[in-house]
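Down below is the structure, laid out as structure tokens.
First listed ligand is number 1; within each ligand, the first listed atom is number 1.
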Amino acid sequence: MRRITVQDIRARKGGEHLVCLTAYTAPMAAILDATCDLLLVGDSVGMVLHGLPNTVGVTMEMMILHGQAVMRASRRALVVVDMPFGSYEASRETAYGNAVRILKETGAQAVKVECGPEVADTIAYLTRRGVPVMGHVGLRPQAALLDGAFKAKGRHAAEAACILAEAEAAADAGAFCVVVEGVAEALAGRITQNLAIPTIGIGASGGCDGQVLVTEDMLGLFDWTPKFVRRYADLRGDIAKAVRAYSDDVRSGAFPGAAETYFAMAKG
Ligand code: KIV
């Protein structure tokens with residue numbers, strides 16, 4: 001089995017929709033690998049697994065550790081690792097050093113950067129030096145401190161034009177695909193039409209070339225789910241039920257945990 005490449009993803013423009021999910025751990029990556037075209041080690045890991053209020057506090061070390069886990073457990077999907085806040089904005093040279101560190105230490109095939117007005121130049125610098133880059137436009141979670149909250153973007157014509165221009169600049173700079181987050185259907189459609197590379201939507205309608213979701217959101221792990229997310233499972237409820245059953249077993253003394261059980265298991 002060979003891994004899906006950035007060239008495969010780029011070639012899917014306008015074709016069968018791309019199936020993408022976030023993955024941060026080995027067991028989750030192992031489950032998702034067979035079905036997903038692309039696994040994103042998103043910096044949302046800071047909020048989903050580490051309890052941070054936003055993605056600003058996520059570090060290179062966190063991204064590398066989770067990237068390594070996902071790479072170890074996957075064999076087929078393309079793995080993209082987010083560059084965390086502060087790792088690519090100061091200069092294109094710093095961005096290159098950090099991107100290369102992520103690729104070398106994780107074995108992932110690409111990095112993702114959020115595309116403010118300054119970032120196209122950095123994307124060009126990275127791609128010309130052999131670093132595959134995925135862009136991210138629209139709602140940019142790393143701008144949480146500036147924006148004050150995760151709000152939909154591009155409602156006004158001027159902002160919509162900016163987002164379209166940022167997506168086009170990322171594509172012109174050599175990005176192999178672009179995440180489009182939290183924008184209205186009409187803008188997502190325009191971006192998708194104007195770009196020669198695939199767009200991957202999140203809260204941006206079905207008008208993109210593919211979709212990505214935070215896996216734990218769509219599996220129902222939290223008591224709150226973003227409005228645009230369909231819950232395909234109720235992990236939170238299932239875990240609570242399982243823990244209650246375990247608790248009942250332990251309290252009633254019906255728990256089969258004697259040493260003999262372990263020896264029997266070891267012998268098969
Ligand atoms: O960090 C992340 O998980 C992301 C996706 C939600 C697109 O950027």
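For E159 (side chain) and A157 (main-chain N/O), no donor-acceptor pair under 3.5 Å exists by modelled atom type.
When hydrophobic residues (I, L, V, M, F, W, Y) are linked wherever their side-chain heavy atoms come within less than 4.5 Å, the members clustered with L139 are M47, F150. Cluster partners of V178, using a side-chain heavy-atom cutoff of under 4.5 Å among ILVMFWY residues and allowing indirect links, are V137, I163, L164, V180, V183, L187, I191, L195, I197.
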Please tabulate, one pair per line, all N/O donor-acceptor pairs under 3.5 Å involving side-chain atoms of residues 218-227, not counting sequence neighbours.
{"residue": "T225", "atom": "OG1", "partner": "R231", "partner atom": "NH1", "Å": "2.7"}

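A cation-pi arrangement is absent between R92 and Y96 under the rule of less than 6.0 angstrom and at most 45 degrees off the ring axis.
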Taking a 3.5 Å cut-off between nitrogen or oxygen atoms, can you list every pair linking ligand 1 to the protein, with distances?
{"residue": "ligand 1", "atom": "1 (O)", "partner": "D43", "partner atom": "N", "Å": "3.1"}
{"residue": "ligand 1", "atom": "1 (O)", "partner": "D43", "partner atom": "OD1", "Å": "3.0"}
{"residue": "ligand 1", "atom": "1 (O)", "partner": "S44", "partner atom": "N", "Å": "3.0"}
{"residue": "ligand 1", "atom": "1 (O)", "partner": "S44", "partner atom": "OG", "Å": "3.3"}
{"residue": "ligand 1", "atom": "1 (O)", "partner": "D82", "partner atom": "OD2", "Å": "3.1"}
{"residue": "ligand 1", "atom": "3 (O)", "partner": "S44", "partner atom": "OG", "Å": "2.5"}
{"residue": "ligand 1", "atom": "8 (O)", "partner": "K112", "partner atom": "NZ", "Å": "2.9"}

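Rounding to the nearest 0.5 Å gives a distance of 8.0 Å between CD of Q211 and NE2 of H17.
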